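Predicted model, so just to flag it, every value in this text is computed and none were measured. Numbered from 1 within each chain, the chains take letters A, B, ... in sequence-line order.
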Number of protein chains: 2
Amino acid sequence: MPKAPSQKEATMLDQLRRAGLKLTAQRLAVVREIADDCSHPTAQELFERLQAGLPKMSFATVYNTLDALVSAGLCTPRVLSPGATRFDPNTLPHHHAVCDRCGLVIDIPSEIGKSASIGSARSCSAPRAPKLPAGFAVRAVEQIVRGSCASCSH
Amino acid sequence: MPKAPSQKEATMLDQLRRAGLKLTAQRLAVVREIADDCSHPTAQELFERLQAGLPKMSFATVYNTLDALVSAGLCTPRVLSPGATRFDPNTLPHHHAVCDRCGLVIDIPSEIGKSASIGSARSCSAPRAPKLPAGFAVRAVEQIVRGSCASCSH
DNA sequence: ATGAGTGCAAATGCTTTGCATCCTG
DNA sequence: CAGGATGCAAAGCATTTGCACTCAT
């Protein structure tokens, strides 16, 4: 049996509707696939998974839909390593840990208010950034922690 | 007249020699081109500039040489936006400001010891990273400040 | 019914690879 | 003079584009 729509999924569909975008079978499938996926999939990966349910879906549609989600502010493209853009449905401020060896990506919630050595995206997003070039208007701050995950460090 | 070799250039060549790599005309040219370049050029850009002095140099050689520099720890590949890897000869800990509109990349020195909301790479590189996944061995922390540069904000 | 959305296939852009040739150490 | 390095061209991926057709609204 098909699983029930998650909260996140429902919200994303709702926002797509509000943005005046048509809810096609392909978009429903992409949203369902990515809404609760914290693995930061690439377009390739999503395409492959979606083949199961929609054998005729094309790459172009996957990219189109992801672009629509990005434009609607429902997910963020991330280039965490060379080769492929990943898509991140987590719209809360957070950073990423990336394993150099296996490529695993793990979300790191930014702890707002904590006197962190790693600042949160929110607290950094306007003031306090040190020595920024004059006139630079900050929109977002990303942090990437590189290293080896538990499995790869054995 | 050809400009005199910079300090940085001389050091890089020295380290390549120490690494047992042959100093070919192509490598000399790549090192000279990148050593004091803080614009974070792509392989394409370097290739185009190098054409002037070495019309027969191939792409493969540019990539080979850059790989050699990276392996020797003399420069770092950076994927700051989708599409192309940039090469960064600055080996001191620092972060980057990236302009969303024109793609300009600006180095931000990490101010070690400052109680910064943006932590320095060094101070973050082992302890203090909040809520890191258990067993994750940190090698480096990157920060990317996204927004609009002075010219693009007009 | 109408225009946004889709599928297909070809094109593009960055990077890698295979192999014969060259040249540094 | 031997093995690393180069040049060339073709192959490999990720992503984009053009266009005729389809379908959600």
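- Nucleotide D:dA5 holds its C1' atom 15 Å from the CG atom of B:Leu66, rounded to whole Å.
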Protein within reach of the bases, or only the backbone? For nucleotides 12-24 of chain C, mark each nucleotide 5' to 3' as B, S or -, using heavy atoms under 4.0 Å. --SBBB------B
Assess the residue pair A:Leu50 and A:Glu48 against the criterion (side chain to side chain contact (heavy atoms under 4.5 Å, CB included)); give the C-alpha distance rounded to whole Å, side-chain angles, the decisive distance to 0.1 Å, and a yes or no. CA-CA 5 Å; A:Leu50 290 164; A:Glu48 281 160 26; over 6 Å; no
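- A side-chain N or O of B:Thr11 and one of B:Gln7 form a donor-acceptor pair less than 3.5 Å apart.
- Using cut-offs of 30° and 60° for the angle between ring planes, the A:Phe59 and A:Tyr63 rings count as parallel.
- OP1 and OP2 of D:dC23 both lie 4.0 Å or more from every side-chain N or O belonging to A:Gln26.
- For the pair B:Gly20 and B:Lys56, nearest-nucleotide mapping onto DNA chain D gives the more 5' position to B:Gly20.
- Rounded to whole Å, atom P of C:dT6 lies 10 Å from atom CG of A:Leu28.
- In this structure A:Thr61 satisfies the side-chain hydrogen bond (donor to acceptor under 3.5 Å, both in side chains) test together with A:Ser58, sequence neighbours excluded.
- A side-chain donor-acceptor contact under 3.5 Å links B:Asp88 and B:His94.
- Across the protein-nucleic acid pair, B:Leu16 atom CG and D:dG4 atom P stand 16 Å apart, rounded to whole Å.
- Look at A:Asp37 and A:Lys8 and you find no salt bridge, because none of the NZ, NE, NH1 or NH2 atoms lies under 4.0 Å from a carboxylate O.
- Taking the screw axis at each terminus of the helix from C:dA1-D:dT25 to C:dG25-D:dC1 from five consecutive base pairs, the angle between the two is 40° to within rounding of 10 degrees.
- Distances were taken from every side-chain heavy atom of A:Met57 (C-beta onward) to each of C:dG7, D:dC8, D:dA5; the shortest belongs to C:dG7.
- To the nearest 0.5 angstrom, B:Ile34 atom CD1 is 7.5 Å from B:Phe87 atom CZ.
- Between D:dG7 and B:Thr61, a contact under 4.0 Å exists linking OP1 or OP2 to a side-chain N or O.
- Listed for the B:Arg86 side chain is no donor-acceptor partner under 3.5 Å among the backbone atoms of B:Pro41.
- The closest donor-acceptor contact from the side chain of B:Thr42 to the backbone of B:Ala84 lies at 3.5 Å or more, if one exists at all.
- In this structure, the CZ atom of A:Phe47 is 15 Å from the P atom of D:dT16, given to the nearest Å.
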